[in-house]
Each structure stands twice: as structure tokens, then as C-alpha cells.
Amino acid sequence: MHLIKIIIIFYRKLVVPALVMSILMGFSVSFINGIGIPISEDIPKEVFSINAAAVAYILFSLLFQYFIYEVRNPNEYYFYYNLGLNKYVLWGSTFMLSSIIAIISILI
């Protein structure tokens, strides 16, 4: 239970920027797809693509982890290492949590 709290503390810095960028990506993919010639008039155009946003959330959370923890604050890994989590566990937990959030958002 202690390690889960530490992973959540680590993941909190990544949620907001990844979520904002994935929502923007969901709108932009729908906009780009809407520019083309519609196949049928009966099919309504989507304003937001949840699938694109879910995939973008996984990618952006990993990207923001790289920029926040590798480039901007590389010394924070020592803090988490002293608590029992190395860099690879944190990268894996970010990928797993982002994938779980993306799958849940697609299913809902």
C-alpha cells in the first residue's frame, strides 16, 4: 500500500498536462477527419474522438514523464529510489496507469 501511494504521488505531476494535451488531440483528430468529403449524409460527424484521445493520453503521459523527470528534474529519481522505486518501475507504472485510464475511458 505504501508503494502505491508513492506511485500516485509520482503520477500526479503527469495527469493534468497529459490530459489537456490528449483532449486537444481528440478534438483535432475529429476536426481533421471532418475536413474530408463525407461518405454519407446520414452519418453524423463526431466532434470528439475518444479513441484518439485515449491513445494520445498514453503517449503524452510518457512524453511528459520524460520532460518533467528526465530533463527538468532528474534529481527527483533519487527521492523515489530512496523510497524503494527505481526509474524502470516508475516508467512501467506510468505506462500501466495510463493504459488503464485509456482503456476505461474507451469502455465508458
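As the structure is a prediction and not an experimental result, all values here were calculated from the model.
Y57 and I106 fall into different hydrophobic clusters, where Ile, Leu, Val, Met, Phe, Trp and Tyr residues are linked whenever their side-chain heavy atoms come under 4.5 Å apart, directly or through other members. Residues V15 and F67 are members of one and the same hydrophobic cluster, defined by side-chain heavy-atom contacts under 4.5 angstrom among Ile, Leu, Val, Met, Phe, Trp and Tyr. At a threshold of 4.5 Å between side-chain heavy atoms, the hydrophobic network of Ile, Leu, Val, Met, Phe, Trp and Tyr places I8 and M96 in two separate groups. Placement of L83 and Y81 in two distinct hydrophobic clusters is found when ILVMFWY residues are connected by side-chain heavy-atom separations under 4.5 Å, directly or transitively. Linking Ile, Leu, Val, Met, Phe, Trp and Tyr whenever their side-chain heavy atoms come within less than 4.5 Å leaves L63 and L59 in two separate clusters.
Under the 3.5 Å distance criterion, with hydrogens and angles disregarded, no donor-acceptor pair is assigned to the side chains of Q65 and Y11.
Across all their heavy atoms, L14 and I68 have their closest contact at CD2-CD1, 3.9 Å.
To the nearest 0.5 Å, atoms CD1 (I4) and CD1 (I9) are separated by 12.5 Å. Rounding to the nearest 0.5 angstrom, the gap separating the CG atom in L85 from the NE2 atom in H2 is 8.0 Å. Here the straight-line distance linking atom CG of L24 with atom CG of L19 works out to 9.5 Å at 0.5 Å rounding. Distance check, rounded to the nearest 0.5 Å: OG1 of T94 to CD1 of I58 gives 12.0 Å. Note that OH of Y88 and OG of S93 are 14.0 Å apart. Values are rounded to the nearest 0.5 Å.
Side-chain contact between F48 and I23: present, with at least one pair of heavy atoms (C-beta onward) separated by less than 4.5 Å. Counting heavy atoms from C-beta outward, F60 and M25 have side chains that approach closer than 4.5 Å. Residues I7 and L97 have side chains in contact (heavy-atom distance under 4.5 Å, counting atoms from C-beta outward). Between Y77 and L90 the shortest side-chain heavy-atom distance falls below 4.5 Å. Using a 4.5 Å heavy-atom cutoff, the side chains of N73 and K13 are in contact.
Side-chain atoms of S98 never come within 3.5 Å of backbone atoms of F95 as a donor-acceptor pair (strictly under, hydrogens ignored).
For Y69 and F10, the ring centers sit closer than 6.0 Å to each other.
Ring-plane geometry between W91 and Y66 is classed as tilted, the angle between the planes lying from 30 to 60 degrees on a 0 to 90 degree scale.
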Residues M21, F64; criterion side-chain contact (heavy atoms from CB on, under 4.5 Å); working and verdict: CA-CA 10 Å; M21 291 302 292; F64 279 114; 3.8 Å; yes
